[in-house]
Amino acid sequence: MKQKIKWAVMAMAAWMVLPPLCAPAAPTGPGAPRGTEQYDAETRARLEDNRIEYDELRALIHEYNPNVAPLWDTYRDSKEDFANIVTEMESQYAAVKSLAEGYISAGKLTGSKELSKAGYDVDRSYRKIVQGMRDRVDKWDTDKKSTNIIRMVERQLTAGTQSAMIGYETIRQNIATLETMVQLYEQQADMAGRMAGLGMATETDLASANADLLSARSQLASLNSQLESTRRTLCMLLGYDPDSNPEICPIPEFDMARIGGMDLEQDTIKAIGNNYTLISQRTSPAGESSAQIAARLGVIEEGEQKLSVEMQRLYQQVMDSKAAYEAASVGFEAAQASQAAAGRQYQLGLLSQAQYVGTQIAYCQKKAAKESANLSLLQAMENYGWAVMGLASVPD
């Protein structure tokens, strides 16, 4: 009798196991119907306007990434299926209660305490299982433990997509710079050719000018190829058809206020608490022997120490990037002033065309340096922020 009751309880408990998450076909991208996720009208319009903006990436990944979006859909569908099971089990409670009362009555009539206990156990176990299942349904949307893996994948893909968009913007800015540089190098090479014809420049000067032009053209062709490849990757990550052509908006200048919100000590504590690798270590079996327990604790402590060092490195990377950006900004301001002065001098005939073109080239280089430093600072800040949220790798 006890064995039969044990198997009955185990069978009912088996209903509590969720079906495995799977990844069905990818959504068709922004604009496609989406489950039960709700946004206000303004946010929904932004997500569906065929424009990719940096501050929208997290929502776009959540809604349309071909790996993440189906996981959330499956999780929501599982909730509905699970809720139906709970409702069905609740409706069967009257029959279970009748069965339990039969055991109890038979136990009293025969004087069998075992039969009476079996009846009470069946009733109590069934109600406990059903209540546990009902609690799970009620907490479904806020149960972080059940969605931990999905949220981890979503964060990883969001971080990767941010890097892809930063990379795209870097390439695009470099292309814009090189297109201007090619024009300036063409002028420079043309002038060098004319001056060489007049005996005012050497063949070495001419070869150098042509070499600069050829190098810039070669870099431009390579960057255009990289830009297209990065564009297709970005589209796929966000659920767009790679052959579509959504507008990829420029990334705004870095908000320095984000640096003011950094607190290495507190952020390191959060990073240790959130880190997925360390969580896995902390929730691993404790071991049975003293040696096993000590070894496990040693691994955990070592992991926390390594992550603390990694947080210091990421923090310093932000500080170094900030200093580089500030230096590049100063350099660009000086280049702007020099270009303005050179323009006035050129108009007054105090500066040759070759000299004027040289100042324009220097200006373009300083402008590119500032833009690159801005994006490098943004990437450093994102790396630090994601580390706080648990994505930092713990060095071996």
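Predicted model, so just to flag it, every value in this text is computed and none were measured. Along the sequence shown, the residues carry numbers beginning at 1.
The shortest heavy-atom contact between Tyr384 and Asp267 is OH-OD2, 2.6 Å. For the pair Ile248 and Met165, the tightest heavy-atom approach, listed with the atom from each and the gap, is CG2-CE, 4.0 Å. Contact record, Ile52 with Pro246: CD1-CG, 4.0 Å, taken as the closest heavy-atom pair. Between Leu184 and Val357 the shortest heavy-atom distance is O-CG1, 3.7 Å. Between Leu213 and Glu186, the shortest heavy-atom distance links the atoms CD1-CG, 3.5 Å. The minimum heavy-atom distance linking Ala387 with Leu314 is given by the pair CB-CD1, 3.5 Å.
Within a 6.0 Å radius of OH in Tyr120, other residues, nucleotides and ligands contribute 12 heavy atoms or fewer. Around CD of Glu265, the count of heavy atoms belonging to other residues, nucleotides or ligands within 6.0 Å does not exceed 12.
Connectivity analysis of hydrophobic side chains (ILVMFWY, heavy atoms under 4.5 Å, direct or indirect) links Met389 to Met152, Tyr276, Trp386, Leu391.
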Name the atoms and distances for all side-chain donor-acceptor pairs under 3.5 Å in residues 333-352, with sequence neighbours left out.
| from | atom 1 | to | atom 2 | distance (Å) |
| --- | --- | --- | --- | --- |
| Ser338 | OG | Ala334 | O | 3.1 |
| Ser352 | OG | Gln355 | N | 3.1 |
| Ser352 | OG | Gln355 | OE1 | 3.2 |

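Residues Leu237 and Ile166 are members of one and the same hydrophobic cluster, defined by side-chain heavy-atom contacts under 4.5 angstrom among Ile, Leu, Val, Met, Phe, Trp and Tyr. In the hydrophobic clustering of this structure, Met262 does not group with Ile269; members are Ile, Leu, Val, Met, Phe, Trp, Tyr whose side-chain heavy atoms approach within less than 4.5 Å, directly or through other members. With hydrophobic clusters built from ILVMFWY side chains whose heavy atoms lie under 4.5 angstrom apart, Ile171 shares a cluster with Tyr54. Transitive grouping of hydrophobic side chains (ILVMFWY, heavy atoms separated by less than 4.5 Å) brings Ile175 and Ile251 into a common cluster. Two different hydrophobic clusters hold Leu375 and Val330 under the rule that ILVMFWY side chains link at heavy-atom gaps under 4.5 Å.
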Please report the C-alpha distance between Asn174 and Thr170 in whole Å, then the side-chain angles of each, then the deciding distance to 0.1 Å, and finally whether the side chain to side chain contact (heavy atoms under 4.5 Å, CB included) criterion is met. CA-CA 6 Å; Asn174 287 340; Thr170 299; 3.8 Å; yes

Start with the C-alpha distance between Glu382 and Arg258, add both sets of side-chain angles, then the distance that settles salt bridge (Lys or Arg N to Asp or Glu O under 4.0 Å), and finish with yes or no. CA-CA 10 Å; Glu382 297 294 15; Arg258 293 182 64 182; 3.3 Å; yes

Could you walk me through whether Val394 and Glu302 pass side chain to side chain contact (heavy atoms under 4.5 Å, CB included), step by step? CA-CA 10 Å; Val394 179; Glu302 182 181 9; over 6 Å; no

Going through the checks in order, is the side chain to side chain contact (heavy atoms under 4.5 Å, CB included) test met by Thr158 and Arg155? CA-CA 5 Å; Thr158 300; Arg155 287 176 175 180; 5.6 Å; no

Kindly indicate, with the supporting measurements, whether the criterion side chain to side chain contact (heavy atoms under 4.5 Å, CB included) is fulfilled by Lys97 and Glu101. CA-CA 6 Å; Lys97 183 178 181 182; Glu101 289 174 345; 3.3 Å; yes

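Using a 3.5 Å distance cut-off with no hydrogens or angles, the side chains of Glu179 and Gln183 do not pair a donor with an acceptor. Thr177 and Gln173 share no donor-acceptor pair across their side chains, judged by distance under 3.5 Å alone. With no hydrogens or angles considered, no side-chain donor-acceptor pair links Asn245 and Tyr240 at under 3.5 Å.
If you take CD1 on Ile61 and OG1 on Thr161, they are separated by 3.0 Å, rounding to the nearest 0.5 Å. Summarising the geometry, atom OG belonging to Ser222 is positioned 11.0 Å from atom CG belonging to Leu227; distances are rounded to the nearest 0.5 Å. Taken to the nearest 0.5 Å, the CG atom of Asn65 stands 5.0 Å off from the CG atom of Leu157. Here Met236 contributes atom CE and Ser244 contributes atom OG; the two are 11.0 Å apart, rounded to the nearest 0.5 Å. Ser321 OG to Leu378 CG: the interatomic distance, rounded to the nearest 0.5 Å, is 10.0 Å. Note: Ser98 OG to Tyr93 OH = 11.0 Å, rounded to the nearest 0.5 Å.
Centroid-to-centroid, the aromatic rings of Phe332 and Tyr363 come within less than 6.0 Å.
For residues 307-324, the salt bridge (Lys or Arg N to Asp or Glu O under 4.0 Å) pairs, not counting sequence neighbours, are Glu310-Arg313, Lys322-Glu326.
For the pair Ser163 (side chain) and Ala159 (backbone), a donor-acceptor distance under 3.5 Å is present. When atom types are taken as modelled, the side chain of Asn224 and the backbone of Leu220 share a donor-acceptor pair closer than 3.5 angstrom. A donor-acceptor pair under 3.5 Å is absent between the side-chain atoms of Asn374 and the main chain of Lys370, judged by distance alone. With hydrogens and angles disregarded, a donor-acceptor distance shorter than 3.5 Å links the side chain of Ser376 to the backbone of Ser372. Remark: the backbone N or O of Gln226 is paired with a side-chain donor or acceptor of Thr230 at under 3.5 angstrom. A side-chain donor-acceptor contact under 3.5 Å links Thr180 to the backbone of Ala176. With hydrogens and angles ignored, the 3.5 Å screen pairs a side-chain donor or acceptor of Thr268 with a backbone N or O of Leu264. Between the Asp212 side chain and the Tyr185 main chain, no donor and acceptor come within less than 3.5 Å of each other.
Looking at Arg151 and Glu154, no side-chain N of the basic residue comes within less than 4.0 Å of a carboxylate O on the acidic one, giving no salt bridge. Using a cutoff of 4.0 Å between basic side-chain nitrogens and carboxylate oxygens, Arg46 and Glu42 are not scored as salt-bridged. A salt bridge does not link Arg58 with Glu63: every distance from a Lys NZ or Arg NE/NH1/NH2 to an Asp or Glu carboxylate oxygen is 4.0 Å or more.
Remark: Arg232 engages Asp243 in a salt bridge (Lys or Arg N to Asp or Glu O under 4.0 Å) (not counting sequence neighbours). In terms of the side chain to side chain donor-acceptor pair (under 3.5 Å) criterion, residue partners of Gln219 (sequence neighbours excluded) are, by chain and number, Ser215. Among residues two or more places apart in sequence or in another chain, the side chain to side chain donor-acceptor pair (under 3.5 Å) test is passed with Glu90 by Arg134.
Here the rule is side chain to side chain contact (heavy atoms under 4.5 Å, CB included) with Glu53, and of Cys249, Pro250, Pro252 only Cys249 fits it.
The shortest side-chain heavy-atom distance between Asn383 and Val318 does not fall under the 4.5 Å cut-off. For the pair Cys235/Arg231, a side-chain contact is recorded, criterion being any heavy-atom separation below 4.5 Å from C-beta on. In this structure, the side chains of Gln312 and Tyr315 stay at 4.5 Å or more apart for every pair of heavy atoms. Residues Ser393 and Thr277 fail the side-chain proximity criterion, which asks for heavy atoms closer than 4.5 Å.
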